[in-house]
Amino acid sequence: MTISVAEVIVDVAAYPVDRSFDYLIPDEMVSLIELGSRVKVQFGPRNVLGFVVALKEETDIPSEKIKPISQLLDIEPVLTSEMLQLAKWLKHETICFEIDALQVMLPSALRAKYEKFISLETDIDNLPEVLKPFFSQTSKVNYKDFEKNNLLHPLKTALKQKLVVLENVVKQKGQIKEVRKVQIADNTEILRDISNQISNRAKKQKVLIEWMMQHVGETMDPDTLYKETNTSSAVLQALIELGAAKFIQEEVYRDPFSKEVGHTKSLNLTEEQSTALQKITTAMENHQTETFLLHGITGSGKTEVYLQAISKCLNDGKEAIVLVPEISLTPQMTERFRSRFGELVAVMHSGLSVGEKYDEWRKVHQGKVKVVVGARSAIFAPFENVGIIILDEEHESTYKQEDNPRYHARDVAIWRGEYHKCPVILGSATPSLESYARAKKNVYSLLTLKERAMKQALPTVHIVDLREELKKGNRSMFSQELLESIESRLNKKEQTVLFLNRRGYSSFVLCRDCGTVLQCQNCDISLTYHRSNEKCKCHYCGYEIYVPKTCPQCQSEHIRFFGTGTQKVEEELYKFFPHARVLRMDVDTTKTKGSHEQILEAFGEGKADILLGTQMIAKGLDYPNITLVGVLSADTSLHLPDFRSAEKTFQLLTQVSGRAGRHEKKGEVVIQTYTPEHYAIELSKDQFYEPFYEREMMMRHQAGYPPYYYLALVQVSHEDVMMAADYAQKCVEWLRSNLSFNVSIIGPTAAGISRLQNRYRYQCLIKYKIEPELIPTLMQLIKLYRSEWIKKGILLSIDLDPTMI
DNA sequence: AGCACGCCGACT
DNA sequence: GTCGGCGTGCTC
């Protein structure tokens with residue numbers, strides 16, 4: 001018996017079809033088809049894309065039911081068997097559709113694009129008049145054209161009468177970029193023969209053929225050829241017709257790197273660094289799955305440890321995956337990797353176009369690179385021989401995907417580490433409590449870097465009590481101390497970074513007479529003002545309107561927008577320091593591609609004295625002349641209704657403080673706050689991680705939050721408030737009676753944003769320590785009530801280990 | 001999810 | 001009598 005049946009996961013995300021379907025493999029495909037190949041199949045009445053997840057000899061499906069695979073889309077499979085296993089695990093761990101788990105591993109360019117076409121089945125004269133014009137030029141028309149012209153009804157009739165047929169076409173979204181090149185014949189004899197044929201009057205052709213004989217068999221860009229020989233396309237064309245050369249299409253990678261980088265060598269390590277590196281390399285040598293938590297204070301040289309561990313990994317002939325939070329994927333960071341490993345590095349982040357992402361992915365897939373530096377989804381880099389996986393800033397919440405599949409890159413990293421028997425490094429100056437607790441329980445191996453790599457002292461941190469400032473009558477955003485510090489930097493020609501917590505400061509539109517704030521029609525959230533197009537936009541659903549002239553409530557004309565916090569700060573800064581050169585970095589100034597980099601670069605080159613921004617600037621900023629960091633209000637993130645707010649604040653403050661004095665010059669940090677006594681603020685002053693950890697762990701223990709308990713968030717939404725609340729209640733009751741007693745269920749309560757896209761959202765929180773039945777129970781819940789809920793219009797979402805609640 | 005099949009009310 | 005409403009069920 002030979003392989004003749006493929007199990008296929010089809011590209012339809014729905015519960016009833018979230019399993020594999022058997023398809024016959026046509027004979028001519030048998031030798032080509034592999035696990036992880038993409039195929040085109042007929043599924044019911046339509047054509048869809050699918051993934052081959054298993055191959056077998058026979059099937060129980062009766063022959064009248066089974067269909068053949070229509071087309072094999074890849075010569076090389078796009079997914080490895082590791083990825084297929086990983087998808088099954090993700091499906092179970094995060095409760096998602098297998099198809100979603102498979103799709104998230106691939107660049108979006110490989111996703112299917114579905115198009116409908118209508119083709120003519122009879123003579124055009126039989127068609128109704130309204131449809132005729134469409135088929136006058138062609139017999140195949142895009143369905144959308146009928147939709148646009150509101151002709152779906154006559155179209156449907158025509159379909160029924162079989163005058164036309166509908167055809168579903170599956171295409172791939174992304175295209176491989178090709179360029180046209182000239183390939184010179186690789187046979188000198190032929191070239192000489194042609195040369196002899198050329199008439200003596202064709203001087204240019206003579207020149208070109210002579211030149212070609214010097215470049216036998218070479219492939220080049222036509223423009224280079226014209227330039228080199230001072231000829232033109234007409235001359236080349238003549239020689240091509242004689243067979244001296246031909247045009248070929250060559251695959252190329254789009255180049256997302258704008259500039260060349262130099263080459264750097266390994267730096268000398270401190271004792272702490274080499275101890276850490278030693279432990280990591282030992283694990284690599286022993287082919288050991290081991291998760292390390294590399295806890296190093298800011299500036300302690302974690303990156304250098306990564307780089308040298310990767311070097312070792314490459315020497316062993318293996319590949320490396322490095323994850324960094326999206327926001328810190330600045331050129332500064334990626335350049336460090338590219339300058340060490342050159343062309344062996346692929347970079348993946350959201351700033352790339354669909355095509356560029358596809359190309360970077362293909363470099364990995366084709367084995368052209370050995371190192372991937374990327375954001376969350378780079379954890380799925382299709383390497384087959386991974387030697388090390390690194391997550392920098394492991395505490396960052398961007399490692400958790402907020403929509404399906406709701407996976408955490410850290411969990412996937414550890415899974416892949418186990419699969420490849422290789423170490424996983426979680427690096428941070430401020431580890432998440434979860435990871436640190438695991439390190440303390442020896443689930444992870446703790447590596448500590450307590451010293452800064454170049455022995456620089458930590459910056460001096462001053463905490464300024466804004467209540468005192470207020471008492472002194474200072475109503476500005478700047479305390480006396482901060483102003484003095486800024487002034488002294490300006491005098492010394494040193495640089496300052498001012499940091500503003502974004503939350504609570506985003507720009508909104510307010511009526512000064514009645515206090516109304518412009519709200520989104522669909523969501524329970526205020527609209528954000530965008531100066532660039534004079535519009536107000538909802539950041540959650542995309543709803544946007546022009547700024548109204550009068551207040552929608554009271555018709556007053558005194559309506560004004562409150563600029564982003566940063567805009568306001570900038571204005572005020574100029575009042576105090578009219579001659580300071582300020583660079584502002586926020587959503588408004590970083591809208592266009594690359595502007596983020598340009599601003600940082602300009603600042604690095606000393607083109608400004610003060611850099612003012614939000615969280616964006618907290619990471620990876622590393623310039624020698626920055627000697628002052630100011631945090632305008634440390635409290636904004638502290639009072640968020642999230643159990644992680646203290647942790648987030650501590651992390652943020654430590655992070656921004658770390659930007660000052662990373663080189664020769666000593667750094668200073670000024671933190672302004674209304675609650676200086678809060679432990680998250682007080683302890684960040686000296687980067688006292690350990691005491692903060694102990695303190696925060698106590699709080700978590702008392703309140704029953706992670707790492708002591710695991711969380712699962714179940715959310716119910718409906719267009720009607722009562723329905724949402726009712727069903728959330730039903731859901732809670734069902735869970736209470738089906739989960740064990742030591743699981744506590746909180747809620748239902750309205751979600752943080754109680755209405756989103758016109759749907760009211762209620763949620764309940766499940767806290768548990770050990771509950772092996774949780775996932776099966778949740779799946780049971782879906783199974784039992786899915787059809788009823790769908791009828792009523794209820795949507796249910798489940799988030800295991802939510803980052804925000 | 002999408003689409004066909006199938007059984008009941010308001011129209012030529 | 002027929003067109004079209006959307007309830008039910010299936011997709012290898």
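The chains referred to below are lettered A, B, ... by the order of the sequence lines, with proteins before strands, and numbering in each begins at 1. The figures here come from the full heavy-atom set of this structure, side chains too, leaving out hydrogens, waters and symmetry mates.
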Query raised in the report: Nearest-Å distance, CG (A/Leu49) to P (B/dA1)?
Result: 19 Å
Query raised in the report: So A/Phe21 and A/Phe43, would you call those rings parallel, tilted or perpendicular, with 30° and 60° as cut-offs?
Result: perpendicular
Query raised in the report: Could you go step by step and tell me if A/Glu82 and A/Arg416 meet the salt bridge (Lys or Arg N to Asp or Glu O under 4.0 Å) rule?
Result: CA-CA 8 Å; A/Glu82 180 198 358; A/Arg416 293 198 77 185; 2.8 Å; yes
Query raised in the report: So, A/Thr777 versus A/Glu771: side-chain donor-acceptor pair below 3.5 Å or not?
Result: no
Query raised in the report: Whole-Å distance between C/dC12 C1' and A/Asp22 CG?
Result: 6 Å
Requested in this report: Scan A/Ile61 against the nucleic acid and name what it touches under 4.0 Å (heavy atoms): base, sugar-phosphate only, or nothing.
Outcome: base
Requested in this report: State, without any angle test, whether A/Tyr727 and A/Lys792 hold a side-chain donor-acceptor pair at a distance under 3.5 Å.
Outcome: yes
Query raised in the report: Are A/Asp11 and A/Tyr114 close enough that a side-chain donor and a side-chain acceptor fall under 3.5 Å?
Result: yes
Query raised in the report: Angle class for the A/Tyr399/A/His408 ring planes (parallel below 30°, perpendicular above 60°, tilted otherwise)?
Result: tilted
Requested in this report: Let me see the working for A/Arg38 and A/Phe51 under side-chain contact (heavy atoms from CB on, under 4.5 Å), right down to the final yes or no.
Outcome: CA-CA 5 Å; A/Arg38 287 180 310 155; A/Phe51 293 91; 3.5 Å; yes
Could you write out each protein N or O paired with an N or O of nucleotides 4-11 of chain C at a distance under 3.5 Å?
unit_1, atom_1, unit_2, atom_2, d
C/dT11, OP1, A/Lys65, NZ, 2.9
C/dT11, O3', A/Gly44, N, 3.0

Query raised in the report: Going by heavy atoms closer than 4.0 Å, what residues in residues 86-101 of chain A are next to DNA chain C?
Result: none
Report task. Determine yes or no for a side-chain-to-main-chain donor-acceptor pair under 3.5 angstrom, with A/Glu733 supplying the side chain and A/Lys730 the backbone. Result -> no
